[in-house]
Novice: 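I'd like to ask some things about the structure below.
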Protein chains: 2
Amino acid sequence: MPITKVNEEELLDRLTDVFRTYGYDGASLSKISEATGLQRASLYHRFPGGKEDMAKVVLERAGQWLFNRVLAPLSGPGTPAQRIRNMANELHSFYAGGQNCCLLDSLSFGSDDNAIRQHVQQGMSAWVNELAKVAQEGRVSAKKARQKAQDAISQIQGTLVVARVIKDYGPFERMLAELPTTLLGKQA
Amino acid sequence: MPITKVNEEELLDRLTDVFRTYGYDGASLSKISEATGLQRASLYHRFPGGKEDMAKVVLERAGQWLFNRVLAPLSGPGTPAQRIRNMANELHSFYAGGQNCCLLDSLSFGSDDNAIRQHVQQGMSAWVNELAKVAQEGRVSAKKARQKAQDAISQIQGTLVVARVIKDYGPFERMLAELPTTLLGKQA
DNA sequence: TATTATTTACCGAACGTTCGGTATATGTCA
DNA sequence: TGACATATACCGAACGTTCGGTAAATAATA
């Protein structure tokens, strides 16, 4: 088998960067080609389904990343507050301190029949459900727990938008520090 | 003067819709033409600067809308909490209960040298400053007031992202109800 | 008539995608 | 081991379509 010009991991990293920065429509094959170092035709060899395929794989991978690194600690040992602080640390590196914007945001624009959008929706829904589990350890109703989970996701997304627009990463940092309170309530 | 096929206000309304939904890159001239009922050349008659011109005008108009309807009540009569509740009501209609996403989000993607992005940044910065003024009426330091303002904007943006992705408008509604607390602290 | 809104027709460039072909690795059988 | 078929990874060039944008002509107001 011939040697690959760029290995799978790095290829997906760069692909992710482009989709994150420019969104689905903004991520042209020219930009993708430049960012990955692969010609258009080579990209079609790796992703027979074309651009849509690329976005799906990128989204799937980010979801696994999130699940393994960010959500996994939530089911681990330690008090709920400790586990949430662990998640906050992972989130910090996941979003590069607020400098990386969220694929769930950038890929959620466009028409409703967009093939990518349902994947985005599933991703965020799964995330909410996972956070709601921990929130419920704070001995609140399922409904309240779900609300807290939604609030946490909202704050993550919101601080990332603010970071991207006005380039101030303070809100993102503060939001991570407040995550235990957000998800569990007053008691830390 | 020949009669206009579509008057300025309605033209800008539809234009705003397209940019909101698809972002700058996703808003192709074909989509814009279809949404407005005007041919490409007609659009260039109305906006000599082309697509970038359209986006600027749309952004400028949204900014004025925000300033006149949403931010103005903040300097009006009544207690700070009352004025913030007024703003929340205006925000509710401004974003159609969470169904309209924010131009500051959709137009903030793309490369850094994007001509639109600095307009977006100025818009959000002005918004933060305005909110910080009210927050400071809660007798807190300028720094704390600015943080509260940023938190409020973050929550607005975040709940709108969540609404767009998973089509749940609960977080947006709850966030509006909590705005007085968010901006002023415990005392309402 | 002068001005203005809109249209048709068109432009070069870029879009996502596909094709034909080359070079490098692996598998296999003599 | 050598020779050859197969599979993989890649590229240059082109596909038809759509992009953002323009020029010339028509229609309608003042």
Side-chain angles (χ1 to χ4, degrees), chain A residues 1-59 106-107 109-111 113-117 119, chain B residues 1-59 106-107 109-111 113-117 119:
Chain A
M1 199 188 304
I3 204 162
T4 54
K5 190 172 183 185
V6 53
N7 70 315
E8 182 80 358
E9 282 300 296
E10 200 161 323
L11 176 57
L12 289 176
D13 279 346
R14 298 177 185 177
L15 220 36
T16 302
D17 250 356
V18 179
F19 279 118
R20 243 203 309 251
T21 307
Y22 297 100
Y24 186 78
D25 289 303
S28 69
L29 272 260
S30 303
K31 279 174 187 146
I32 293 174
S33 173
E34 190 185 8
T36 59
L38 256 47
Q39 300 283 13
R40 284 168 154 83
S42 307
L43 289 166
Y44 272 83
H45 174 69
R46 301 260 197 132
F47 303 93
K51 188 175 168 180
E52 191 176 310
D53 204 358
M54 301 181 207
K56 274 183 196 166
V57 172
V58 159
L59 207 45
S106 53
L107 294 182
F109 288 95
S111 55
D113 60 354
N114 184 323
I116 298 299
R117 286 193 59 162
H119 291 260
Chain B
M1 197 192 307
I3 204 163
T4 55
K5 191 172 182 183
V6 53
N7 70 316
E8 182 79 359
E9 281 300 296
E10 200 161 321
L11 175 58
L12 289 176
D13 279 345
R14 298 178 185 178
L15 221 34
T16 303
D17 250 355
V18 180
F19 279 117
R20 244 203 308 251
T21 307
Y22 297 100
Y24 185 78
D25 289 302
S28 67
L29 279 233
S30 304
K31 278 173 186 146
I32 293 174
S33 174
E34 189 186 6
T36 59
L38 256 48
Q39 301 281 11
R40 279 174 198 187
S42 308
L43 289 165
Y44 273 85
H45 174 68
R46 303 261 198 130
F47 302 93
K51 189 176 167 181
E52 191 176 311
D53 204 358
M54 301 180 207
K56 275 185 195 166
V57 172
V58 160
L59 205 47
S106 52
L107 294 182
F109 289 95
S111 53
D113 60 355
N114 183 324
I116 298 298
R117 287 193 59 162
H119 291 260

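The figures here come from the full heavy-atom set of this structure, side chains too, leaving out hydrogens, waters and symmetry mates. Convention: sequence-line order gives letters A, B, ...; per-chain numbering from 1.
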Novice: Grab the CG-C1' distance between B:D53 and D:dG20 for me, whole Å please.
Specialist: 14 Å
Novice: Measure the distance from CG on A:N7 to P on D:dC10 and round it to the nearest whole Å.
Specialist: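 Taking atom P of D:dC10 as the reference, CG of A:N7 is at 10 Å.
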Novice: Rounded to whole angstroms, how far apart are CD on A:Q39 and C1' on C:dC19?
Specialist: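 Whole-Å distance recorded here is 15 Å.
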Novice: Below 4.5 Å, heavy atoms only, C-beta onward: do B:F47 and B:L15 meet side chain to side chain?
Specialist: yes
Novice: Over how many whole Å does the gap from A:L11 atom CG to D:dA9 atom P extend?
Specialist: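 The answer, rounded to whole Å, is 11 Å.
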Novice: Does C:dT7 have its OP1 or OP2 closer than 4.0 Å to a side-chain nitrogen or oxygen of B:S42?
Specialist: yes
Novice: Output one letter per nucleotide in nucleotides 10-17 of chain C: B when a protein non-hydrogen atom lies under 4.0 Å from the base, S when only the sugar-phosphate is that close, - when neither is.
Specialist: -----SBB
Novice: Over all strands shown, is A:T4 touching base, sugar-phosphate only, or nothing at heavy-atom distances under 4.0 angstrom?
Specialist: sugar-phosphate
Novice: Please list every donor-acceptor pair under 3.5 Å in which a side-chain atom of residues 19-27 of chain A meets a protein atom from a residue at least two apart or in another chain.
Specialist:
residue	atom	partner	partner atom	Å
A:R20	NH2	A:D17	OD1	3.1
A:T21	OG1	A:D17	O	2.7
A:Y24	OH	A:E52	N	3.3

Novice: Going by atom types only, do B:R40 and B:S30 share a side-chain donor-acceptor pair under 3.5 Å?
Specialist: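 Indeed, the side chains of B:R40 and B:S30 share at least one donor-acceptor pair under 3.5 Å.
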Novice: Between the side chain of A:S42 and the main-chain N/O of A:L38, is any donor-acceptor distance below 3.5 Å?
Specialist: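 No; judged by distance alone, with no hydrogens or angles, the pair does not exist.
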Novice: If you round to the nearest 0.5 Å, how far is OG1 of A:T36 from NZ of A:K5?
Specialist: 8.5 Å
Novice: OP1 or OP2 of D:dA9 versus the side-chain N and O atoms of A:H45: is any pair under 4.0 Å?
Specialist: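 Answer yes for this pair, as a side-chain N or O of A:H45 is under 4.0 Å from OP1 or OP2.
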Novice: Would you compute the distance between atom CG of A:L43 and atom CG of A:D53 and round it to the nearest 0.5 angstrom?
Specialist: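 The CG atom of A:D53 is 11.0 Å from CG of A:L43, to the nearest 0.5 Å.
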Novice: What is the distance, to the nearest angstrom, from the CZ atom on A:F47 to the P atom on D:dA9?
Specialist: 12 Å
Novice: Rounded to the Å, how far apart are B:L43 CG and C:dT8 P?
Specialist: 13 Å
